[in-house]
Amino acid sequence: MNYYPFSAIVGQPQLKTALLLCAVDTSLGGVLIRGDKGSAKSTAARALTAVLPAIDRISACAFNCAPASPCGICAVCNHPDAPAAQAAAVPFVTLPLGATEDRVLGTLDLERALQGGQLQRAFQPGLLAAAHRGILYIDEVNLLADHLVDVLLDVAAMGVNSVQREGLSLSHPARFTLIGTMNLEEGDLRPQLLDRFGLMVEVVAPREKAQRAEVVRRRIAFEADPSAFAALWDGPQAALRRQLHTAQQLLPQVALSDALLELISHLCCEFEVASLRADIVMHKAARALAALDGRMAATPDDVRNAAALVLPHRRRRKPFEQPGLDHDKLDRLMQDASPPAEPEPSGAQDESGRDTPGEGGEPAGSDNSENSGGEENAQQQVFAAAAAAVAPQISIDNLRAADAGMAGRRSNAADAERGRVLRALPNVDANPGSLALGATLRSAALRHVAQHGAQSAEPLTVVKADLQRQVKLGQRASLILFVVDASASMAAQRRMEAVKGAVLSLLTDAYQRRDEVAVIGFGGAEATLLLAPTRSVDRAEQDLRELPTGGRTPLPHALQLALTTLSQAGAHCAPLLILLSDGKANVALSEGGDAWRESLALAEQLAATGVAALVLDTESGYLRLGRAAQLAQAMGAECLGLEQLGADNLALTVRGRI
């Protein structure tokens with residue numbers, strides 16, 4: 001397969017440096033590449049393999065064993081007549097988001113087992129074995145299923161894949177460079193997996209028209225004739241390959257002084273990094289930077305550049321606070337520390353031409369200015385959110401009416417389609433969806449012995465009665481749909497601040513449990529889906545903070561849009577509707593219609609769908625119509641007033657009653 005040449009990538013100096021560092025020192029732990037769609041994340045990751053120095057391996061080996069230390073269960077490398085090792089390309093293995101645990105870990109080789117092989121030897125290696133001594137690449141890694149994340153965490157910690165399933169009990173080395181790409185619009189990573197990535201790079205598409213034009217020019221030429229385009233870059237590719245080979249050989253000899261080590265720990269403490277892995281990886285990255293430049297000693301500049309790659313995703317942060325690094329603070333700390341400069345060895349290369357990681361590494365800023373719309377928004381205002389504090393939990397009886405026992409993405413559901421295997425049970429269907437191979441073979445073997453005796457020469461057969469199915473423990477997310485009244489009836493400043501505070505507190509809970517969220521705002525003439533269902537609660541938080549208030553109250557439009565959004569969400573998640581309104585509808589769906597009657601009718605339609613719901617009544621004052629409570633009754637939902645939860649400091653934790 002012809003990958004785009006690494007040397008032909010336009011710009012992105014920090015991204016290229018991070019990938020090269022992982023090639024120089026494979027123990028760094030890999031790199032996480034975050035950024036916009038179409039910013040060459042996947043292209044750069046795949047292109048790296050073409051410039052990596054070759055490794056020695058035996059062609060028939062399924063475990064990518066190092067010839068000098070073969071895996072104990074590898075029949076090929078341990079065979080007395082094993083062929084000689086040959087130079088081969090570094091493995092590049094893609095882990096699909098929909099992969100099963102069997103495909104990742106390895107599983108029973110059914111064909112060999114049926115031929116009478118011992119279960120210990122009837123093992124079919126998985127993707128982790130194929131990625132040993134190479135690269136394991138995960139596109140959109142933040143969407144990876146939790147049970148696969150757990151597998152990666154175990155293997156990344158030990159460098160060994162242990163398989164205990166279906167009668168198998170074995171292990172094999174699985175040391176690889178983990179490269180993941182992700183788009184923040186789809187949500188963040190679990191903190192445990194985030195910390196496993198040694199380096200992190202934030203990439204954005206070029207903003208200069210000349211650079212963008214060059215990107216397009218090269219890409220079109222590559223797609224027209226990949227071989228001819230790659231040939232144009234043979235020289236730079238070969239030079240880069242030689243540079244990496246030299247750096248790999250030089251790395252063990254590169255020194256980093258105690259003064260620089262103390263500087264590394266000082267930076268980690270100042271940025272409140274809890275993980276000690278940051279200190280270790282920064283030490284390794286600084287030495288790898290020196291080796292990449294052909295130097296025998298790391299310098300303060302190497303430490304500073306390593307910090308820009310190692311610290312952003314490990315800095316202690318609050319929910320909704322984006323990973324990143326204050327580069328001005330980093331520069332001040334470097335200047336204040338002022339460790340003694342390391343003497344340059346003779347013949348040191350000039351650093352002036354090297355790309356400096358850290359430049360442009362900050363996520364693109366967002367415009368948080370208040371409402372700047374046109375004349376139609378002239379009467380609208382943007383109110384801040386009230387600070388949140390601890391408050392009572394709210395238990396909603398029908399939150400999991402359709403899925404008893406489910407409580408967010410980290411909750412367990414027995415007999416799921418995906419997840420960890422709990423046990424095997426006799427199968428009642430002719431074609432089980434998930435066959436327990438080991439249990440099925442054991443059942444067939446026991447029946448065979450009972451019928452023909454242990455010494456019988458009759459071949460082993462599998463019949464319907466032998467079939468066993470897997471019972472899996474899976475997980476499923478909730479979808480929390482916020483429907484927020486932003487009309488003039490909500491325009492009292494303290495009331496709108498309290499409403500935003502309530503929603504942001506609910507979002508904090510969604511962040512902690514990795515639920516999906518969606519936001520509908522209604523005010524003026526219509527309702528708007530501000531945020532389609534996503535796991536990026538950061539975007540929901542930003543949209544709500546900037547939600548302007550004013551205009552009329554199109555409540556029927558909002559409820560109708562909520563019905564449409566929930567119907568399109570599918571069955572992959574358990575939905576929860578949270579309506580924040582005083583219920584004073586005055587914009588009907590049809591001309592001349594009754595907005596309040598339409599609202600009640602739509603509320604009854606929502607109740608008929610079985611969707612769990614919660615209504616937060618935002619009405620205030622001595623004279624109240626109580627329409628929010630009527631809406632809640634029509635929906636079959638609970639209704640709570642803001643004063644019940646503290647008008648200024650709201651923190652709502654929505655939990656299912658398990």
Side-chain angles (χ1 to χ4, degrees), residues 14-15 18-19 21-22 27-36 39 41-42 45 95 97 104 135-159 176-203 267-268 271-285 306-326 357-358 361-363 408-410 475 477 507-508 510-516 534-539 541:
Q14 192 181 38
L15 170 59
L19 290 171
L21 291 181
C22 289
S27 68
L28 280 174
V31 57
L32 175 65
I33 309 171
R34 303 190 339 160
D36 300 332
S39 53
K41 301 187 300 293
S42 301
L95 195 160
L97 295 179
V104 176
I135 294 173
L136 183 65
Y137 172 69
I138 310 174
D139 195 14
E140 302 294 349
V141 63
N142 51 323
L143 301 182
L144 193 65
D146 272 350
H147 64 283
L148 295 183
V149 172
D150 295 337
V151 166
L152 284 180
L153 289 174
D154 292 341
V155 176
M158 304 301 296
F176 45 78
T177 297
L178 185 62
I179 298 180
T181 60
M182 60 175 284
N183 185 342
L184 263 182
E185 293 178 357
E186 297 293 344
D188 212 339
L189 273 178
R190 281 172 55 184
Q192 297 93 330
L193 183 57
L194 187 63
D195 187 51
R196 284 292 171 186
F197 285 97
L199 314 176
M200 190 192 81
V201 179
E202 195 87 29
V203 297
L267 293 177
C268 292
F271 280 102
E272 300 183 352
V273 176
S275 172
L276 285 171
R277 189 173 288 111
D279 306 60
I280 298 171
V281 175
M282 203 187 308
H283 186 286
K284 292 180 177 181
L309 297 169
V310 175
L311 297 182
H313 59 302
R314 292 187 171 91
R315 180 178 56 83
R316 190 183 297 276
R317 58 192 177 100
K318 300 176 182 178
F320 314 125
E321 186 181 2
Q322 288 299 312
L325 200 64
D326 186 340
E362 283 290 315
R409 184 171 182 263
R410 298 297 299 160
Q475 296 166 342
L507 281 173
T508 301
Y511 170 86
Q512 293 168 348
R513 299 170 63 194
R514 303 299 189 267
D515 286 327
E516 290 187 359
T534 176
R535 282 172 52 193
S536 178
V537 294
D538 304 299
R539 290 191 56 203
E541 185 261 358

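- To the nearest 0.5 Å, atoms CD1 (I33) and OG1 (T181) are separated by 6.5 Å.
- Partners of Y137 according to the ring pair (Phe, Tyr, Trp, His ring centres under 6.0 Å) rule, which considers only residues two or more places apart in sequence or in another chain, are F92.
- R314 contributes no side-chain N or O that, together with a main-chain N or O of L276, makes up a donor-acceptor pair within less than 3.5 Å.
- Legend: residues meeting side chain to side chain donor-acceptor pair (under 3.5 Å) with T177, ordered by chain and number and at least two apart, are absent.
- For the atom pair CG (L28) and NZ (K284), the distance works out to 7.0 Å, reported to the nearest 0.5 Å.
- With sequence neighbours excluded, the residues that form a side chain to side chain donor-acceptor pair (under 3.5 Å) with R277 are D195.
- Shown here for L311 and F271, the closest heavy-atom pair between the two residues is CD1-CD1, 3.8 Å.
- With a 4.5 Å cut-off on side-chain heavy atoms, V141 and L178 do not count as touching.
- Counting only heavy atoms from C-beta outward, the side chains of I179 and L19 approach each other to under 4.5 Å.
- Of all heavy-atom pairs between D139 and S42, the closest is OD1-OG, 3.6 Å.
- Taking 4.5 Å as the limit, every side-chain heavy atom of N142 sits out of range of all side-chain heavy atoms of R34.
- For the pair G198 and V281, the tightest heavy-atom approach, listed with the atom from each and the gap, is O-CG1, 3.5 Å.
- Counting heavy atoms from C-beta outward, P312 and E202 have side chains that stay 4.5 Å or more apart.
- Atoms CD and CG, on Q14 and L199 in that order, are 9.5 Å from each other to the nearest 0.5 Å.
- When all heavy atoms of V201 and A18 are compared, the pair lying nearest together is CG2-CB, 3.4 Å.
- Residues L152 and L148 have side chains not in contact (no heavy-atom distance under 4.5 Å, counting atoms from C-beta outward).
- Contact of the D279 side chain with the H283 side chain is not registered, since no non-hydrogen atoms from C-beta on lie closer than 4.5 Å.
- A distance of 10.0 Å separates NZ of K41 from CG of L15, quoted to the nearest 0.5 Å.
- In this structure a side-chain-to-backbone donor-acceptor pair under 3.5 Å is missing from H313 to L32.
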